[in-house]
Structure formats: structure tokens, C-alpha cells
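Note sheet for the following structure.
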Protein chains: 2
Amino acid sequence: MSTIRGARERARVEVTAAIKDEARKQLAEEGAAKLSLRAVARELGMASSALYRYFPSRDDLLTALIVDAYDAIGAVAERAAADRAHTVPPVERWTAVACAVREWGLAHPHEYALIFGSPVPGYTAPMDTVGPASRVGLVFIGIARAASEAGELAVPALAPELRRDAERMAAEFAPGVPPAAVAALVAAWAQVFGLISFELFGQFNRVVEAREPLFRRAVGELARSVGLPAAPAA
Amino acid sequence: MSTIRGARERARVEVTAAIKDEARKQLAEEGAAKLSLRAVARELGMASSALYRYFPSRDDLLTALIVDAYDAIGAVAERAAADRAHTVPPVERWTAVACAVREWGLAHPHEYALIFGSPVPGYTAPMDTVGPASRVGLVFIGIARAASEAGELAVPALAPELRRDAERMAAEFAPGVPPAAVAALVAAWAQVFGLISFELFGQFNRVVEAREPLFRRAVGELARSVGLPAAPAA
DNA sequence: ACAGAAACGAGAGCACTGCTCTTGCCTGCC
DNA sequence: GGCAGGCAAGAGCAGTGCTCTCGTTTCTGT
């Protein structure tokens, strides 16, 4: 599947990567809306029309960047969780993952905006993005599952209107985790990204300076709202 | 200040309003990135160059729309809070404001994205926006202050790294509210918008169906994290 | 080994954008 | 009444996404 059969295919993957790299560079400098196919082609020394052999439209290029960004942030989250697997209380592991995600966002604000900011104009996310997009969520679920299997999860209350959703989500994404915890987890997940987005999109400007402590405190409380214990059961 | 001195000025404010209305219409249909000055001018039957007499650039038009959006969402929040002033427990008042904001967002997704989504390309918010931008926050602060003055506020813990920020914010925006509550409030504020943004920007698609119950539950917990009581003191 | 097919790069061109400059008209003020 | 300033319109510039055509190169089936 990923074997390269000849010089032609080899060149193709190289050019594709070069285009994405240059696009990412322009993205970091100017933002998504100013990313221009012609400028990318110019910088690469090729005709703008040649670029359409690799990406059929500007939106397709953006989609590729979005998938890469989801994968990058997912990898960061997975690594943060794996580094601390079972050596640390669940709340701390949860906080470490959230902090890693936040730091990735601070380092790559435009890529973060690409995936968690307002969806671009008429753009609707294609199906290729749903897999990579769920990686961070799965990391959080994994932390809850580990706690659940160790019998350390304090299952929160579940409103009756949420039961159907919670049970479906648990069956689909988080087998073995109590539905009530899954529902709380999804809400907590959105709130974590709310904190990061507010900071990145400038809503804390001239309001909050000590952003990391504020973030850690809120994220810790969210972990507790999911039912994670602050210290492992003796 | 707002007196209209002649037919000329009267015409000017009317044309300005017409331009903003048409721009808002196109914003709602296509999104911010596809908003085109020429299309607005075309729809209004004027030359595109004439439009520059009213807004020196596309960014200035966007800024005007942003200010209007902040004012609209601020008015919605103020109204929701005023309608329930002192007739209802603080947690319910807080939740009502959050729900009102959420519903405004659902009704005006593109305008919401304009103010809480990723900042547009090279755009940096001018000072005109800070006033209107703070109205929603002030409503939340007002709820906390009312509870505090009634002696009903359970002041949360405050991490030492947050003390300076919290005291400065309290002095600047929320005199009379305990600094610890202000810090918790700012975090809660970001999390409320995180929940709304995730829903509006499609991150809950194919994941959560019962979004309002999830929202209400999370928002209620946030109110409690600020120290608001669920029922008024007897 | 060679012909046909497929992939490729380059250029011209279309319709659109934000924005500027110049030219005249028309209105409100002294 | 003149006249300065606000105003609309048109032409034009540089840039954009995207399409089409036209040679050339590379791979592939016989």
C-alpha cells in the first residue's frame, strides 16, 4: 500500500510534501485566509497550474493540513498520556495531557485555529478528518477507562435526558466506561478547548496574565467532574 | 452628539446602515471570508468605489460588524439577567444567561464565529471592540456580585500564583467581588464559550445529540465552581 | 522493444477580489 | 450666488482560484 513503485511516485510524494510544508509555512506567517496557492507555487518555483495536479483545489490543500494538524495534536496527547501511564494519579495524567495540548496550540496557533476555530467559509469537513480528529478525545477516554477498570472512578450523576446519548457514545467510543462518565467527559473536553481557544484567540488579552495556573486549576476541576480521583487508591 | 444636522448626514447614516445590513446578510449566507465589498455594492446598486466613502477598508466593515455583534450578544445577556433579577436562585440566573447567549449563537452562527472564532487573517482587534466585548462578562460578574452582597457566595479556593491577577481583575472590573470568585468566573466564562463553540463549530456532530441538556448541566456545575448557591439563603 | 496511455509542467486566459486615482456632479454653508 | 467639500462612477492595478490547451516525460501492456 505504501510501497513506492518508481521514480514517478517517489517524486510525487516528495512534491506533495514540499507543497504542504510551504503551505504550512505560509499558514504560520499569515493565517489560513491568506494562504494562496499561487504564492506557494511561486515559492516552489513551479507554475500555479501545476499545483492542481497534487491538490484539486485550495480546500483540498486545507483539508490535508487539517488532517495533519489533528494527527499532530493527537500524537502530542497520546505521548503525554503514555509517558505517565500508571505512574501518576489520574487527575495529574489528565492535566498533563491537557497542558500538552495547550502547549501545542501555543506553538502552532494558526494550525490550532484551523481545526478548532470557526470553520472556513463554505467549507464542510470531509470524512477523512473524523479519524484523526478523535485521537485527543480517545486519550481522555483512555484515562477514564484506566481509572474505571482500577475501580477508582467516582461515577457522576447523569441527567435522564442525556441517558440515550451517553449510552450510545459509551458503546461506540468508550466500551467499559460508565455512560455518565462519558457524558461528563465530552462536556469537559469541550471546556478544555474553550480555555485554550479563549487564550489563543486573544480573549484573555489585558485580562488574565497568569494563564497557565488558571488553566491547570480549571482542568483539574474538570477532571474531578468526570470522576477521576486525585490520588490512586491505596 | 447623535443629532442629525441635515439631509446629507441623514443620508449618510442611512447608507451606512444599509451597507451593514447587506453585509450582515451576506455574512449569514456565506461566512466572513466570502464577504465581498463588491458584492455588497452590487446588491445595493452602487459602484464598489463609492462604498469606500463609508468604510475605508474591508477590515473596517468587519470591525463594525464585530462591534454590532458584541453589542447584540451583550444585550441578550443583559436582558436575560434583568428578566430574572432577584426572583430566582443565582445558579438559575447564571444558567439562563448562558442559555440565552447559546441561543443567540445558534441563531447567528456566523456573527458568533466573527467574535469568538479564530481571528481573521492579519486582523487585530482595535480598541473600539473592548467596551462592547466586555458586556457579557460584566453580566456574569453582576450575578456573582449580587450573590456576594447577599452573603450567599461560597468563595472558592485561590491558588497563590493567581492572586495578583485575581486582585487586579477584581479591582478593575468587579469591585466588591472576592478575587477568588473573579478568577473562577473568568475560567468559567471561557468554558461556557467553549461549550457553545464546540457545538456551533461542528465538533459535536455525530457525537452528541442532546446538546441543550449537556450544556445546562455543565453550565450549572460551572456556576457552582464560582461559588453561586443553587437556592437563595432562607 | 516499441507504441499507446497516463501523468506532468508551463502558459494563457476567465472571472473575481480589495483598493486607488481621476473625473465630474450636486449639495450645504458663508 | 459662488465655492469648497462630500459624493458617485468609471477605469485601472495587482492579486486570487481555477480551467484549458499544448508539448514533454515517464510508465506499461503487448
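Residue numbering restarts at 1 for every chain, and letters A, B, ... go by the order of the sequence lines.
With sequence neighbours excluded, the residues forming a ring-ring contact (aromatic ring centres under 6.0 Å, His included) with B:Tyr112 are B:Phe116, listed by chain and number. With sequence neighbours left out, A:Glu221 forms a salt bridge (charged side-chain N to carboxylate O under 4.0 Å, His left out) with A:Arg217. In terms of the salt bridge (charged side-chain N to carboxylate O under 4.0 Å, His left out) criterion, residue partners of A:Asp165 (sequence neighbours excluded) are, by chain and number, A:Arg168. For B:Arg211, there are no salt bridge (charged side-chain N to carboxylate O under 4.0 Å, His left out) partners two or more places apart in sequence or in a different chain. By the ring-ring contact (aromatic ring centres under 6.0 Å, His included) test, A:Tyr52 pairs with no residue at all, sequence neighbours left out. Applying the salt bridge (charged side-chain N to carboxylate O under 4.0 Å, His left out) test to B:Arg24 and every residue at least two apart in sequence or in another chain returns B:Asp21, B:Asp68. Not counting sequence neighbours, the partners of A:Ala218 by the side chain to side chain contact (heavy atoms under 4.5 Å, CB included) test are A:Leu195, B:Ala187, B:Gln191.
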Are there any protein N/O atoms within less than 3.5 Å of an N/O atom in nucleotides 12-14 of chain C, and if so, which ones and at what distance?
unit_1, atom_1, unit_2, atom_2, d
C:dG13, O6, A:Arg38, NH2, 3.4

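Residue A:Tyr52 contributes atom OH, which lies 17 Å from atom P of D:dT21 at whole-angstrom precision. Distance, A:Arg8 CZ to C:dA5 P: 16 Å, rounded to whole Å. We find that CE of B:Met46 is positioned 17 Å from P of D:dG6, with the value rounded to whole Å. Separating the NZ atom of B:Lys34 from the P atom of D:dG17 is a distance of 13 Å, rounded to the nearest angstrom. For B:Arg53 and C:dC25, the CZ to P distance is 16 Å, given to the nearest whole Å. In this entry the distance linking CG of B:Leu62 with P of C:dG18 reads 10 Å, nearest Å. Atom CG in B:Leu51 sits roughly 15 Å away from atom C1' in D:dG10 (whole-Å rounding). Residue A:Arg42 contributes atom CZ, which lies 17 Å from atom C1' of C:dG9 at whole-angstrom precision.
Between A:Ser36 and the phosphate of D:dG17, there is a side-chain N or O to OP1/OP2 separation shorter than 4.0 Å.
With C:dC19, C:dG9, C:dT17 as the candidates, the nucleotide lying closest to the side chain of B:Arg58 is C:dC19.
Among the atoms of the strands shown, only primed sugar atoms or phosphate atoms (P, OP1, OP2) are found under 4.0 Å from some heavy atom of B:Tyr54. Across all strands shown, B:Leu35 has heavy atoms under 4.0 Å from sugar-phosphate atoms exclusively, and none from any base.
Remark: nothing in residues 14-27 of chain B comes within less than 4.0 Å of DNA chain D through any heavy atom.
Under the 30°/60° scheme for interplanar angles, the aromatic rings of A:Phe140 and A:Trp94 are found to be tilted.
No more than 12 heavy atoms of other residues, nucleotides or ligands shown are found within 6.0 angstrom of CZ on B:Arg216.
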